[in-house]
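Within every chain, numbering begins at 1; the chains are lettered A, B, ... in the order of the sequence lines, protein sequences first and strands thereafter.
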Number of protein chains: 2
Amino acid sequence: MAREQQPKFRRAPPTVRREALIEATLACLRKYGHDGLSVRRIGAEAGVSAGLITHHFPSVSALIAASYETLSLSLLQSIDRQARESGTTARERLRRFYEAWFAPALLDPGIFNAWLVFWSMISHDAAMRAVHDRTYAAYRAALESLLRQLHRSEGVPRFRLRPAAIALSALLDGLWIEASINPRTFKAAEAVALCEDWTSALCAGAFPGLLLAPRPATRRRRPRQPRESPVIPA
Amino acid sequence: MAREQQPKFRRAPPTVRREALIEATLACLRKYGHDGLSVRRIGAEAGVSAGLITHHFPSVSALIAASYETLSLSLLQSIDRQARESGTTARERLRRFYEAWFAPALLDPGIFNAWLVFWSMISHDAAMRAVHDRTYAAYRAALESLLRQLHRSEGVPRFRLRPAAIALSALLDGLWIEASINPRTFKAAEAVALCEDWTSALCAGAFPGLLLAPRPATRRRRPRQPRESPVIPA
DNA sequence: CACACTGCTATACGGTTGTAAAATAGCAGC
DNA sequence: GCTGCTATTTTACAACCGTATAGCAGTGTG
């Protein structure tokens, strides 16, 4: 009987629907790369018609930018949460950050594929650029916070925070890319070990360009510390 | 007079035409990112009709793979040539490699944009995967050759070549990405300095995970050296 | 149960896409 | 100058693209 047929579709509140469309977008990126980003493909993945997308988002590129932000923030929150757990020393928290960074969920090639497509859009799309700037600033802040805590640890020589964060961030990104493009090159544990080595070298004062002059040992009041120079000496 | 009009097109030998189409493909990638990769766009950039592309290449994706290989090899040859010039010590050659890596030509955002698009295709296209494997192997071989020369230098502690090459490659890639996505974060000279710092730490034996046991000092014949372990200890 | 709200689909539009193949035209060689 | 080779253009095809909008249908409320 017609009255007893399943409904053709199920209505959902707009926020629920937008999240579902974002999930479908990320799933299409994983599966098909850049070719996954069409309203018909995303609609099919979400089980809705293509028209719903431009109903809920100003444009497809707005949906893509929202997806980038969702993925970035969820990964950063996951990593940050793991770094905060239970570790007592700054060194231990940094190590947990590395483990979270190279967790299986983050080394999923699908995540990396999605990231590549997002990155490739940054230079041509203002909304993507804005999302990148926000989420990257948050990521750098988290990393610098961990390095600042390390900086304050006993026995650690004083170092320049900003270039240290740059170098560590580069090492993390580079290893992540290597692990994603060439999964057989090394295991996640090897990547964590390489980063731990970097921390060991930093704590041993082995990066001449990152070192700051040590504090004088006296208890006399010292003048205001000079600001850290933004230029790394040659 | 009709007879005196310019010819409608100029014929070219197939190899010349293929190179021109590859150059046009790279130019379109620089300008438009992934959207640049259509036969009509590439044809317009090269000043020919779209049909010529599928005449000279089995498919558009074959042209894209050929473009990736051309770009990879030309950049690697340029870097390798600069690293070989005039530097006498292994340390100096490595430093020149860094300078070549962060040369303005390589930090061109257009190069990076092209690279991102190529990378995003590796996991979905067998021809792209094959090009990547070949050119990446060549790049790693060049890097390991430089590290091997450093390894033999006087005063340098023995280290594991392969994980050292992995870590250095990751740092280079990461800094290159950072410099390309966020050009204001640091200057090329700062990136070179960070890499030089990494070399200093390696030469100082500051990476515990990379160190090998030192050679015995006696002149007795030693048994064959054990093979370097592929697994980095935790 | 009827109705109103609004989430959602179906349809349409103008445009782009990659590939194939027939036809054209440049030009080297005789 | 003519001819044949082949580089290249032109045309066509089926499919996809993003967006807009009229109208449908789910469903909560009175």
Side-chain angles (χ1 to χ4, degrees), chain A residues 1-25 28-29 31-67 117 121 124-125 127-128, chain B residues 1-25 28-29 31-67 117 121 124-125 127-128:
Chain A
M1 305 282 286
R3 293 289 303 272
E4 290 169 8
Q5 272 175 342
Q6 280 208 337
K8 291 174 70 177
F9 55 89
R10 174 151 303 178
R11 294 173 60 124
T15 53
V16 170
R17 187 64 81 187
R18 279 200 280 273
E19 286 172 17
L21 291 172
I22 287 173
E23 286 308 312
T25 303
C28 286
L29 264 178
K31 289 178 188 172
Y32 312 113
H34 192 281
D35 291 339
L37 295 178
S38 78
V39 290
R40 287 168 177 76
R41 276 249 169 114
I42 294 169
E45 178 71 29
V48 299
S49 68
L52 195 61
I53 288 164
T54 48
H55 175 76
H56 279 289
F57 289 89
S59 62
V60 181
S61 60
L63 169 57
I64 294 167
S67 302
V117 175
M121 291 172 167
H124 293 97
D125 185 310
M128 296 294 286
Chain B
M1 304 283 288
R3 292 290 302 275
E4 288 170 7
Q5 272 174 344
Q6 279 206 338
K8 290 175 72 179
F9 56 89
R10 175 151 303 176
R11 293 174 61 126
T15 53
V16 171
R17 186 63 82 186
R18 279 198 282 272
E19 284 175 17
L21 291 172
I22 286 172
E23 286 306 314
T25 302
C28 287
L29 263 178
K31 289 177 185 171
Y32 312 113
H34 191 280
D35 291 337
L37 295 179
S38 79
V39 291
R40 286 164 179 81
R41 276 253 170 111
I42 294 168
E45 178 72 28
V48 301
S49 67
L52 194 62
I53 288 163
T54 49
H55 174 77
H56 280 289
F57 289 89
S59 61
V60 181
S61 60
L63 169 57
I64 295 169
S67 303
V117 175
M121 291 173 168
H124 294 96
D125 186 311
M128 296 294 285

Which residues share a side chain to side chain donor-acceptor pair (under 3.5 Å) with B:Ser49, sequence neighbours left out
none
Sequence neighbours left out, what pairs pass side chain to side chain donor-acceptor pair (under 3.5 Å) with at least one residue falling in residues 37-46 of chain B?
B:Lys31-B:Glu45
Set of residues satisfying side-chain contact (heavy atoms from CB on, under 4.5 Å) with respect to A:Ala66, sequence neighbours excluded:
A:Ile22, A:Phe57
note: A:Leu52, atom CG; D:dA25, atom P; distance rounded to Å ~ 16 Å
What do the steps show when you test A:Asp35 against B:His34 for side-chain contact (heavy atoms from CB on, under 4.5 Å), and what is the final call?
CA-CA 10 Å; A:Asp35 291 339; B:His34 191 280; 4.2 Å; yes
Rounding to a whole Å, what distance do you find between A:Leu37:CG and D:dG18:P?
9 Å
Can you tell me the distance, in whole Å, between the CD1 atom of B:Ile53 and the C1' atom of D:dT9?
13 Å
Enumerate the residues from residues 56-64 of chain B whose closest heavy atom to DNA chain D is under 4.0 Å, giving them by residue number; use none for an empty result.
B:His56
To the nearest 10°, give me the bend of the helix from C:dC1-D:dG30 to C:dC30-D:dG1, comparing the axes of its five terminal pairs at either end.
0°
Under 3.5 Å, which protein N or O atoms sit close to an N or O of nucleotides 21-25 of chain C? Give each pair with its distance.
none

Any side-chain N or O of B:His55 less than 4.0 Å from the OP1 or OP2 oxygen of D:dA7?
yes
Going by the rule side-chain contact (heavy atoms from CB on, under 4.5 Å), which residues pair with B:Val48 if we only count those two or more places apart in sequence or in a different chain?
B:Arg17, B:Leu21, B:Ala46, B:Leu52
Should the side chain of A:Arg40 and the base of D:dG18 be counted as holding a donor-acceptor pair, with the cut-off at 3.5 Å?
yes
Would you jot down, in residue-number order, the residues of residues 12-23 of chain A having a non-hydrogen atom under 4.0 Å from DNA chain C?
A:Ala12, A:Arg17
Where is the tightest heavy-atom contact between B:Val117 and B:Gly33, given as atom of each residue plus distance?
CG2-C, 4.2 Å
Can you pull out every salt bridge (Lys or Arg N to Asp or Glu O under 4.0 Å) where at least one residue sits in residues 48-62 of chain A? Sequence neighbours excluded, please.
none
Quick one: side-chain contact (heavy atoms from CB on, under 4.5 Å) partners of B:Ser61, sequence neighbours excluded?
B:Ser59, B:Asp125
side-chain contact (heavy atoms from CB on, under 4.5 Å) against B:Pro14, all qualifying residues, sequence neighbours excluded:
B:Arg18, B:His56
To the nearest Å, how far apart are B:His34 NE2 and C:dG18 C1'?
13 Å
Give the rounded distance in Å between these two atoms: CZ of B:Arg10 and C1' of C:dA28.
14 Å
DNA chain C contacts among residues 41-49 of chain A, heavy-atom distance under 4.0 Å
A:Val48, A:Ser49
Kindly give the heavy-atom pair with the smallest separation between A:Cys28 and A:Ile42, and that separation in Å.
SG-CA, 4.0 Å
